Amino acid sequence: MLDVQGLTLRYGQSQVLHGVDLSARAGEVTAVMGMNGVGKTSLLKAIAGRHPFREGRIVVNSQDLGHPDAVQAARAGIAYVPQGREVFPLMSVTENLQTGFACLGRGARSVPDRIYDLFPVLAQMRNRRGGDLSGGQQQQLAIARALVTRPRVLLLDEPTEGIQPSIIKEIGHVISTLRDEGEIAIVLVEQYFDFAVGLADRVSVLTGGQVSYIAAKGEIKRESLLEAVSL
(Lines give C-alpha, C1' and ligand atoms only; values in the text may rest on other atoms or scores of the structure.)
Protein backbone atom coordinates (compact mmCIF):
# COMPACT_ATOMS: atom_id res chain seq x y z
CA MET A 1 0.00 0.00 0.00
CA LEU A 2 2.87 2.37 0.84
CA ASP A 3 6.32 2.24 -0.73
CA VAL A 4 8.91 4.88 0.18
CA GLN A 5 12.00 4.73 -1.99
CA GLY A 6 15.32 6.46 -1.36
CA LEU A 7 13.87 9.35 0.63
CA THR A 8 16.51 11.95 1.44
CA LEU A 9 15.54 15.00 3.48
CA ARG A 10 17.48 18.12 4.38
CA TYR A 11 16.86 21.08 6.63
CA GLY A 12 19.00 23.77 5.07
CA GLN A 13 22.55 22.42 5.10
CA SER A 14 21.72 19.61 7.52
CA GLN A 15 20.81 16.22 6.07
CA VAL A 16 18.25 14.42 8.25
CA LEU A 17 17.33 11.34 6.19
CA HIS A 18 19.74 9.41 4.00
CA GLY A 19 18.04 7.38 1.26
CA VAL A 20 15.38 5.78 3.48
CA ASP A 21 13.32 2.89 2.08
CA LEU A 22 10.12 1.88 3.87
CA SER A 23 7.19 -0.30 2.88
CA ALA A 24 3.87 -0.83 4.64
CA ARG A 25 1.18 -3.31 3.66
CA ALA A 26 -2.57 -3.11 4.11
CA GLY A 27 -3.63 -5.08 7.16
CA GLU A 28 -0.28 -4.65 8.88
CA VAL A 29 1.38 -2.35 11.40
CA THR A 30 4.88 -1.20 10.47
CA ALA A 31 6.66 0.19 13.52
CA VAL A 32 9.43 2.75 13.02
CA MET A 33 11.66 2.88 16.06
CA GLY A 34 14.88 4.53 17.18
CA MET A 35 16.37 7.03 19.59
CA ASN A 36 15.27 10.67 19.72
CA GLY A 37 16.62 12.77 16.87
CA VAL A 38 17.21 9.97 14.35
CA GLY A 39 14.58 11.25 11.88
CA LYS A 40 11.41 9.28 12.71
CA THR A 41 9.07 12.28 12.85
CA SER A 42 10.79 13.87 9.85
CA LEU A 43 10.13 10.69 7.88
CA LEU A 44 6.40 10.76 8.68
CA LYS A 45 6.16 14.45 7.87
CA ALA A 46 7.86 13.90 4.51
CA ILE A 47 5.46 11.05 3.66
CA ALA A 48 2.51 13.24 4.69
CA GLY A 49 3.72 16.11 2.50
CA ARG A 50 4.58 18.40 5.39
CA HIS A 51 8.30 18.56 4.61
CA PRO A 52 9.43 18.97 0.99
CA PHE A 53 12.19 16.69 -0.28
CA ARG A 54 13.99 16.45 -3.61
CA GLU A 55 15.37 12.92 -3.62
CA GLY A 56 13.27 9.75 -3.46
CA ARG A 57 9.63 9.06 -4.16
CA ILE A 58 6.45 7.90 -2.48
CA VAL A 59 4.09 5.34 -3.99
CA VAL A 60 0.60 4.69 -2.58
CA ASN A 61 -1.52 1.84 -3.89
CA SER A 62 0.67 1.68 -7.05
CA GLN A 63 0.24 5.43 -7.65
CA ASP A 64 3.56 7.25 -7.86
CA LEU A 65 3.11 10.51 -5.95
CA GLY A 66 6.67 11.67 -6.54
CA HIS A 67 7.22 14.48 -4.02
CA PRO A 68 3.69 15.24 -2.78
CA ASP A 69 2.61 18.27 -0.81
CA ALA A 70 0.17 17.86 2.07
CA VAL A 71 -2.94 18.22 -0.10
CA GLN A 72 -1.73 15.70 -2.67
CA ALA A 73 -0.77 13.23 0.03
CA ALA A 74 -4.15 13.53 1.77
CA ARG A 75 -6.07 13.11 -1.47
CA ALA A 76 -4.00 10.01 -2.27
CA GLY A 77 -5.14 8.47 1.02
CA ILE A 78 -2.35 9.35 3.47
CA ALA A 79 -3.61 10.46 6.89
CA TYR A 80 -1.19 11.82 9.50
CA VAL A 81 -1.73 11.97 13.26
CA PRO A 82 1.05 14.27 14.50
CA GLN A 83 2.95 14.16 17.73
CA GLY A 84 1.19 16.61 20.02
CA ARG A 85 -2.19 15.89 18.37
CA GLU A 86 -2.83 19.41 16.98
CA VAL A 87 -6.48 19.45 18.01
CA PHE A 88 -8.27 22.77 17.47
CA PRO A 89 -8.94 23.84 21.08
CA LEU A 90 -11.83 26.27 20.48
CA MET A 91 -13.71 24.02 18.06
CA SER A 92 -16.10 21.32 19.19
CA VAL A 93 -15.32 17.63 18.83
CA THR A 94 -17.71 17.46 15.87
CA GLU A 95 -16.09 20.50 14.21
CA ASN A 96 -12.63 18.99 14.73
CA LEU A 97 -13.79 15.81 13.01
CA GLN A 98 -15.28 17.82 10.16
CA THR A 99 -11.91 19.37 9.35
CA GLY A 100 -11.12 15.96 7.85
CA PHE A 101 -13.63 16.68 5.08
CA ALA A 102 -11.22 18.98 3.23
CA CYS A 103 -9.69 16.22 1.10
CA LEU A 104 -13.00 14.44 0.42
CA GLY A 105 -15.56 14.86 -2.32
CA ARG A 106 -18.84 16.45 -1.30
CA GLY A 107 -20.67 13.13 -1.31
CA ALA A 108 -18.29 11.67 1.28
CA ARG A 109 -18.36 14.56 3.75
CA SER A 110 -19.88 12.87 6.77
CA VAL A 111 -18.58 11.40 10.00
CA PRO A 112 -19.20 7.63 9.82
CA ASP A 113 -20.94 6.01 12.78
CA ARG A 114 -17.98 3.65 12.87
CA ILE A 115 -15.84 6.50 14.24
CA TYR A 116 -18.03 6.65 17.33
CA ASP A 117 -18.00 2.86 17.59
CA LEU A 118 -14.21 2.97 17.77
CA PHE A 119 -14.17 5.98 20.12
CA PRO A 120 -17.39 6.00 22.21
CA VAL A 121 -16.13 8.88 24.36
CA LEU A 122 -16.26 11.19 21.33
CA ALA A 123 -19.97 10.45 20.87
CA GLN A 124 -20.56 11.55 24.45
CA MET A 125 -18.53 14.74 23.95
CA ARG A 126 -19.57 15.82 20.46
CA ASN A 127 -20.37 19.36 21.59
CA ARG A 128 -17.42 19.80 23.96
CA ARG A 129 -14.51 21.99 22.85
CA GLY A 130 -11.36 20.16 21.84
CA GLY A 131 -9.34 22.10 24.38
CA ASP A 132 -11.58 20.87 27.21
CA LEU A 133 -10.73 17.22 26.56
CA SER A 134 -8.02 15.36 28.46
CA GLY A 135 -4.78 14.52 26.68
CA GLY A 136 -5.93 10.96 26.08
CA GLN A 137 -9.29 12.09 24.72
CA GLN A 138 -7.54 14.57 22.42
CA GLN A 139 -5.36 11.74 21.11
CA GLN A 140 -8.45 9.70 20.33
CA LEU A 141 -9.96 12.73 18.61
CA ALA A 142 -6.83 13.22 16.49
CA ILE A 143 -6.89 9.58 15.34
CA ALA A 144 -10.63 9.76 14.66
CA ARG A 145 -10.16 12.95 12.60
CA ALA A 146 -7.58 11.11 10.47
CA LEU A 147 -9.96 8.19 9.95
CA VAL A 148 -12.70 10.55 8.75
CA THR A 149 -10.58 11.05 5.59
CA ARG A 150 -11.03 7.32 4.69
CA PRO A 151 -7.25 6.75 4.50
CA ARG A 152 -5.34 3.99 2.78
CA VAL A 153 -2.28 4.78 4.90
CA LEU A 154 -2.43 5.90 8.53
CA LEU A 155 0.69 7.54 10.02
CA LEU A 156 0.78 7.66 13.82
CA ASP A 157 3.49 9.68 15.55
CA GLU A 158 3.96 8.79 19.23
CA PRO A 159 0.25 8.10 19.99
CA THR A 160 1.01 7.03 23.60
CA GLU A 161 3.00 10.14 24.56
CA GLY A 162 1.67 11.63 27.79
CA ILE A 163 -1.36 9.32 27.83
CA GLN A 164 -2.71 7.44 30.85
CA PRO A 165 -2.40 3.63 30.72
CA SER A 166 -6.14 2.95 30.34
CA ILE A 167 -6.36 5.05 27.18
CA ILE A 168 -3.10 3.59 25.83
CA LYS A 169 -4.84 0.22 26.03
CA GLU A 170 -7.90 1.60 24.19
CA ILE A 171 -5.72 3.12 21.45
CA GLY A 172 -3.88 -0.18 21.08
CA HIS A 173 -7.21 -1.94 20.65
CA VAL A 174 -8.27 0.51 17.94
CA ILE A 175 -4.99 0.03 16.06
CA SER A 176 -5.41 -3.75 16.28
CA THR A 177 -8.99 -3.48 15.00
CA LEU A 178 -7.96 -1.34 12.03
CA ARG A 179 -5.12 -3.74 11.21
CA ASP A 180 -7.37 -6.79 11.38
CA GLU A 181 -9.89 -5.21 9.02
CA GLY A 182 -7.15 -5.40 6.41
CA GLU A 183 -7.87 -2.19 4.50
CA ILE A 184 -5.35 0.27 5.94
CA ALA A 185 -1.55 0.21 6.14
CA ILE A 186 -0.49 1.59 9.50
CA VAL A 187 2.91 3.17 10.15
CA LEU A 188 3.56 3.63 13.86
CA VAL A 189 6.37 5.76 15.27
CA GLU A 190 6.59 4.91 18.94
CA GLN A 191 9.08 5.15 21.82
CA TYR A 192 7.05 2.86 24.12
CA PHE A 193 8.91 -0.33 23.25
CA ASP A 194 6.43 -2.97 24.42
CA PHE A 195 3.48 -1.14 22.87
CA ALA A 196 5.19 -0.90 19.49
CA VAL A 197 6.53 -4.45 19.42
CA GLY A 198 3.22 -5.86 20.63
CA LEU A 199 1.40 -4.34 17.66
CA ALA A 200 4.05 -4.54 14.95
CA ASP A 201 3.92 -6.94 12.03
CA ARG A 202 7.29 -5.60 10.94
CA VAL A 203 9.82 -3.21 12.47
CA SER A 204 12.23 -0.72 10.91
CA VAL A 205 14.82 0.99 13.10
CA LEU A 206 16.34 4.33 12.13
CA THR A 207 19.85 5.23 13.22
CA GLY A 208 21.33 8.53 12.14
CA GLY A 209 18.68 9.03 9.46
CA GLN A 210 19.22 5.59 7.91
CA VAL A 211 17.45 2.25 8.21
CA SER A 212 19.73 0.07 10.34
CA TYR A 213 17.45 -2.86 11.20
CA ILE A 214 14.43 -4.51 9.54
CA ALA A 215 12.53 -7.55 10.78
CA ALA A 216 9.13 -9.17 10.29
CA LYS A 217 7.10 -10.27 13.32
CA GLY A 218 8.34 -13.85 13.38
CA GLU A 219 11.95 -12.72 13.00
CA ILE A 220 12.03 -10.10 15.75
CA LYS A 221 14.45 -10.95 18.54
CA ARG A 222 13.89 -8.75 21.55
CA GLU A 223 17.54 -8.41 22.56
CA SER A 224 18.68 -7.59 19.01
CA LEU A 225 15.91 -5.06 18.59
CA LEU A 226 16.64 -3.40 21.94
CA GLU A 227 20.29 -3.12 20.93
CA ALA A 228 19.38 -1.63 17.54
CA VAL A 229 16.96 0.88 19.08
CA SER A 230 19.48 2.02 21.69
CA LEU A 231 22.21 2.91 19.16
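Worth knowing before you read on, the calculation uses all heavy atoms, side chains too, and leaves out hydrogens, waters and symmetry mates. Everything numeric in this text was worked out from a predicted model, so none of it was measured.
Nearest heavy-atom pair, Ala146 versus Pro151, reported as atom, atom and distance to 0.1 Å: O-CD, 3.6 Å. Closest approach of Gly49 to Ala73, counting heavy atoms only: N-CB, 4.3 Å. Across every non-hydrogen atom of Leu147 and Phe119, the tightest pair is CD1-CE1, 4.2 Å. Closest of all the heavy-atom pairs between Thr207 and Ser212 is OG1-OG, 2.7 Å. When every heavy atom of Gly135 is checked against every heavy atom of Ile163, the shortest pair comes out as O-CD1, 3.5 Å. Between Leu9 and Pro52, the shortest heavy-atom distance links the atoms CD1-O, 3.2 Å.
Here the side chains of Thr30 and Ile186 are not in contact, with every heavy-atom distance at 4.5 Å or above. You'll find the side chain of Phe88 reaches within 4.5 Å of the side chain of Arg145, heavy atoms only. The shortest distance between side-chain heavy atoms of Phe193 and Leu225 falls below 4.5 Å. Looking only at side-chain heavy atoms (C-beta outward), Val189 and Leu156 stay at 4.5 Å or farther from each other. Contact check for Tyr80 versus Val153: no side-chain heavy atoms found under the 4.5 Å cut-off. By the 4.5 Å heavy-atom criterion applied to side chains, Ile78 and Leu65 are counted as neighbours. No side-chain heavy atom of Met33 sits less than 4.5 Å from a side-chain heavy atom of Glu190. With a 4.5 Å cut-off on side-chain heavy atoms, Val211 and Leu22 do not count as touching.
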>> Please determine whether salt bridge (Lys or Arg N to Asp or Glu O under 4.0 Å) holds for the pair Glu95 and Arg129, giving the CA-CA distance in whole Å, both sets of side-chain angles, and the decisive distance to 0.1 Å.
In response: CA-CA 9 Å; Glu95 290 168 338; Arg129 295 190 305 181; over 6 Å; no
>> Please determine whether side chain to side chain donor-acceptor pair (under 3.5 Å) holds for the pair Asp3 and Ser23, giving the CA-CA distance in whole Å, both sets of side-chain angles, and the decisive distance to 0.1 Å.
In response: CA-CA 5 Å; Asp3 190 17; Ser23 63; 5.5 Å; no
> After noting the C-alpha distance and the side-chain angles of Val203 and Val205, does the key distance pass the side chain to side chain contact (heavy atoms under 4.5 Å, CB included) rule?
Replying inline: CA-CA 7 Å; Val203 172; Val205 175; 4.1 Å; yes
> Between Asp194 and Arg222, does a salt bridge (Lys or Arg N to Asp or Glu O under 4.0 Å) hold up when you go through it step by step?
Replying inline: CA-CA 10 Å; Asp194 289 335; Arg222 185 180 181 88; 2.9 Å; yes
> Can you list the steps and then say if Leu155 with Val81 is a side chain to side chain contact (heavy atoms under 4.5 Å, CB included)?
Replying inline: CA-CA 6 Å; Leu155 309 176; Val81 181; over 6 Å; no
>> Evaluate Ile58 against Asp64 for side chain to side chain contact (heavy atoms under 4.5 Å, CB included), listing each step before the verdict.
In response: CA-CA 6 Å; Ile58 295 171; Asp64 189 345; over 6 Å; no
> Does the pair Val32 and Leu188 meet the rule for a side chain to side chain contact (heavy atoms under 4.5 Å, CB included), with working shown?
Replying inline: CA-CA 6 Å; Val32 179; Leu188 171 67; over 6 Å; no
>> Does Lys221 form a salt bridge (Lys or Arg N to Asp or Glu O under 4.0 Å) with Glu227? I'd like the steps, not just the answer.
In response: CA-CA 10 Å; Lys221 297 181 179 179; Glu227 182 179 355; over 6 Å; no
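At a cut-off of 3.5 Å, with distance as the only test, no side-chain donor of Ser92 or Asn127 sits close to an acceptor on the other residue. Counting only N and O atoms by type, the side chains of Glu161 and Gln191 include no donor and acceptor under 3.5 Å apart. When only modelled atom types and interatomic distance are considered, Gln137 and Asp132 share no side-chain donor-acceptor pair under 3.5 Å. Side-chain contact of Tyr11 with Ser42: a donor-acceptor pair under 3.5 Å is present, judged by distance alone.
Atom-to-atom distance recorded for Gln140:CD and Ile115:CD1 is 12.0 Å, nearest 0.5 angstrom. Taking CZ from Phe101 and OG1 from Thr149, the interatomic distance works out to 11.0 Å, rounded to the nearest 0.5 Å. For the atom pair CD1 of Ile171 and CZ of Phe195, the computed distance is 6.5 Å after rounding to the nearest 0.5 Å. Interatomic distance, Glu158 CD to Leu44 CG, rounded to the nearest 0.5 Å: 9.5 Å. In this structure, Glu183 CD and Met1 CE are separated by 9.0 Å, a value rounded to the nearest 0.5 Å. Between the CG atom of Leu97 and the OH atom of Tyr116 there is a distance of 5.0 Å, given to the nearest 0.5 Å.
Here the side chain of Arg152 pairs no donor or acceptor atom with the backbone of Ala79 at under 3.5 angstrom. Counting only distance, with no hydrogens or angles, the side chain of Gln124 and the backbone of Val121 share no donor-acceptor pair below 3.5 Å. Without hydrogens or angle criteria, Lys40 side chain to Met35 main chain gives a donor-acceptor distance under 3.5 Å. Although no hydrogens or angles enter the test, the distance criterion places a donor-acceptor pair under 3.5 Å between the side chain of Thr8 and the main chain of Gly19. Counting only distance, with no hydrogens or angles, the side chain of Arg109 and the backbone of Leu104 share a donor-acceptor pair below 3.5 Å. At least one donor-acceptor pair closer than 3.5 Å links the side chain of Asp69 to the backbone N or O of Val71. Within the 3.5 Å criterion, the main-chain N or O of Val87 finds no donor-acceptor partner in the side chain of Asn96. Within the 3.5 Å criterion, the main-chain N or O of Leu7 finds no donor-acceptor partner in the side chain of His18. With Thr94 contributing its side chain and Arg126 its backbone, the two residues share a donor-acceptor pair below 3.5 Å.
Hydrophobic clustering (side-chain heavy atoms under 4.5 Å, transitive across Ile, Leu, Val, Met, Phe, Trp, Tyr) keeps Leu2 apart from Leu199. Cluster membership for Ile143 and Leu122, using ILVMFWY side-chain heavy atoms within less than 4.5 angstrom, is shared. Criterion: ILVMFWY side-chain heavy atoms under 4.5 Å apart, direct or through other members. Under it, Val59 and Leu43 are not part of a common hydrophobic cluster. Residue Val187 is grouped with residue Ile214 when hydrophobic side chains (ILVMFWY) are merged at heavy-atom distances under 4.5 angstrom, including chains of intermediate members. In the hydrophobic clustering of ILVMFWY residues, with side-chain heavy atoms under 4.5 Å counting as a link, Val174 and Val197 come out apart.
For the pairing with Gln164, the side chain to side chain contact (heavy atoms under 4.5 Å, CB included) check across Ile167, Thr160, Ile168 returns one residue only, Ile167. For the salt bridge (charged side-chain N to carboxylate O under 4.0 Å, His left out) with Glu28, the qualifying choice from Arg179, Arg202, Lys217 is Arg202, the only one to do so.
For Arg150, the CZ atom sits in a packed shell: over 12 heavy atoms of surrounding residues, nucleotides or ligands are nearer than 6.0 Å.
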